[in-house]
**Student:** 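This is the structure I have questions about; it appears just below.
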Amino acid sequence: MVLKTKSDISRRLLRWFKAHGRDLPWRSAFSPYTVWVSEIMLQQTQVETVIPYYRRFLSSFPTIQALAKAPQDLVLKQWEGLGYYSRARNLHRAAKQVVEAFNGRFPDQMDALITLPGIGKSTAGAILSLAYNQPFPILDGNVKRVLTRLFALRALPGAGLDKILWAYSASLVPSDARSFNSALMDLGATVCRPRNPVCGLCPLKTLCQGFEQHLQELLPLKKKRGPLPLRVQSALVIWKNKRVFIRKRPVKGLLGGLWEFPEEAIKKANLTGGTKRLEIYQNLGFQVNVGEAILKIRQTFTHFKLELHIFNAEYHSGSPPRDKNHRWVSLAGLREFPFSASHKKIVEALSG
DNA sequence: AAATCGGGGAT
DNA sequence: ATCCCAGATTT
């Protein structure tokens, strides 16, 4: 009975996929490199957002050797605006590892794949199934939702539920894992959607326990999170002889490796008391005269909200550290450096 | 187990 | 405004 249902599910899904599967840029070649790049970009990021980045990235780095040889600033520049920049740094590191430790040969085994930075169990399963057509399961947001509904799993999110979902995903994968896993993701994205699932168009409708129990809108269960804390910060556009000062953020942590106009936390009171503005900057290493506010930017991050106040400033005295992480750059030169979305808006405000 | 890590699309 | 996206890594 269970075996019959299993083959029933894969048969229905594969037939549906032939007629309704998405035509996506990374589904033309199935080379390990392009599958890998797409999988990393697609982590926590929607397909439509990824597509232009994917094209540009492969245009800049057509091979894993080209990626391995590239400077990190250029890799981050191609990633600029996509978010979760550790993905880009890990992708770059992993490319070097494959070129050096694996002689340029992309691994085709689970144990080797998960040694590469940025590749966890699900991305490894995706690479093995999509690039090599090996029968490995995946468990992304789409698959979690489809399986949770299909088997009416009422557990709260967490390790316990994940273990059950991995077991279901593994039990369902047929020999044509490439098409099956693609179909599972497409079904989740286009039919078994988070809100307003289109159960009338679902090939698994008659097998779906969630639909049978009218739970499709309630599943998967989610835990609610509290309000995000607000961080108020300032950034300075410091001028000196038609150039502006930028520095590189630490490679670890938030927006790691990106460049910025010096940014620090401030208290809201310091925004209004004109003369207090000189006290805003503690760690700059040199003295400036702070001018008027020129821009205010709000940005929501995963775990906090940012309110960023940008001020014009003029170099006064002293000197910043003389290393490659601190630069005076012309307006035209700013285009070479990778910035976060917020600081990209500052660049645009200065240029436009 | 919980926190960290971006930015935007959809509603 | 909220939810969530082809998750991984660190704490």
Side-chain angles (χ1 to χ4, degrees), chain A residues 21-22 24-27 34-54 76 79-91 93-94 113-131 136-146 156-163 165-166 169 178 180-190 192-196 217 220-229 249-258 297-306 338-345:
Chain A
R22 292 174 292 180
L24 300 169
W26 42 89
R27 285 182 179 168
T34 58
V35 167
W36 172 48
V37 169
S38 71
E39 286 302 323
I40 301 301
M41 285 189 170
L42 287 160
Q43 288 169 1
Q44 297 295 291
T45 310
Q46 296 182 159
V47 164
E48 290 306 315
T49 302
V50 163
I51 288 175
Y53 282 91
Y54 173 81
L76 287 172
W79 207 271
E80 183 182 62
L82 196 55
Y84 285 160
Y85 297 92
S86 67
R87 293 183 296 173
R89 301 194 306 268
N90 286 336
L91 194 69
R93 267 208 297 154
L113 280 173
I114 59 177
T115 67
L116 296 174
I119 298 183
K121 189 176 176 183
S122 190
T123 299
I127 293 170
L128 290 170
S129 60
L130 301 181
F136 280 83
I138 58 175
L139 192 60
D140 61 14
N142 288 313
V143 178
K144 284 186 181 181
R145 185 170 53 256
V146 170
L156 285 170
L161 178 58
D162 279 358
K163 184 169 182 180
L165 288 169
W166 271 114
S169 186
R178 171 182 295 157
F180 179 79
N181 283 343
S182 301
L184 215 42
M185 292 188 284
D186 284 16
L187 188 76
T190 64
C192 198
R193 305 178 301 201
R195 282 177 287 197
N196 305 316
E217 302 273 4
L221 298 184
K222 55 200 173 189
K223 37 189 163 189
K224 54 178 176 240
R225 15 179 219 274
L228 299 177
R249 296 176 60 91
V251 173
K252 288 196 125 194
L254 186 71
L255 306 173
L258 299 185
I297 296 171
R298 294 174 190 281
Q299 172 84 38
T300 302
F301 289 76
T302 311
H303 50 294
F304 65 93
K305 290 183 181 181
L306 174 64
F339 293 95
S340 70
S342 305
H343 285 237
K344 186 79 181 296
K345 288 176 186 169

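Naming: A, B, ... by sequence-line order, numbering from 1 per chain. What you are looking at is a predicted structure, and each value in this text was computed from that prediction instead of being measured.
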**Student:** Test of understanding: with salt bridge (Lys or Arg N to Asp or Glu O under 4.0 Å), list the residues that count as partners of A:Arg249, not counting sequence neighbours.
**Tutor:** A:Glu260
**Student:** On DNA chain C, check which nucleotide each of A:Arg225 and A:Leu116 is closest to and give me the residue with the more 5' one.
**Tutor:** A:Arg225
**Student:** Which of residues 39-46 of chain A have a heavy atom under 4.0 Å from DNA chain B?
**Tutor:** A:Gln44, A:Thr45, A:Gln46
**Student:** Can you tell me how far C1' of B:dT11 sits from CG of A:Asn196, to the nearest Å?
**Tutor:** 9 Å
**Student:** Who pairs with A:Lys222 by side chain to side chain donor-acceptor pair (under 3.5 Å), at least two apart in sequence or on another chain?
**Tutor:** none
**Student:** Please identify the 5'-most and 3'-most nucleotides of DNA chain C with any atom under 4.0 angstrom from a heavy atom of chain A.
**Tutor:** C:dA1 to C:dT9
**Student:** List for me each residue that meets side chain to side chain donor-acceptor pair (under 3.5 Å) alongside A:Thr123, sequence neighbours excluded, and say none if there are none.
**Tutor:** A:Gln43
**Student:** With a 3.5 Å cut-off and heavy atoms only, can you find an N or O donor on one side and an acceptor on the other between the side chain of A:Thr49 and the base of B:dG9?
**Tutor:** no
**Student:** Output the single nucleotide from B:dA2, B:dA1, B:dG8 whose closest atom is nearest the side chain of A:Ala159.
**Tutor:** B:dA1
**Student:** Going by side chain to side chain donor-acceptor pair (under 3.5 Å), name the residues that satisfy it together with A:Asn90, two or more places apart in sequence or in a different chain.
**Tutor:** A:Arg93
**Student:** Just to verify, what does A:Lys344 make a salt bridge (Lys or Arg N to Asp or Glu O under 4.0 Å) with, not counting sequence neighbours?
**Tutor:** A:Glu80
**Student:** Of all residues at least two apart in sequence or in a different chain, which pass the salt bridge (Lys or Arg N to Asp or Glu O under 4.0 Å) check with A:Arg193?
**Tutor:** none
**Student:** Side chain to side chain donor-acceptor pair (under 3.5 Å) with A:Arg87: which residues, sequence neighbours excluded?
**Tutor:** A:Thr45
**Student:** Indicate the atoms forming the closest heavy-atom contact of A:Arg145 with A:Pro220, along with that distance.
**Tutor:** CG-CD, 3.7 Å
**Student:** Pick the closest DNA chain C nucleotide for A:Arg22 and for A:Arg195 by heavy atoms, then say which residue is nearer the 5' end.
**Tutor:** A:Arg195
**Student:** Regarding A:Arg193, tell me which of base, sugar-phosphate or nothing describes its non-hydrogen contacts under 4.0 Å with the strands shown.
**Tutor:** nothing
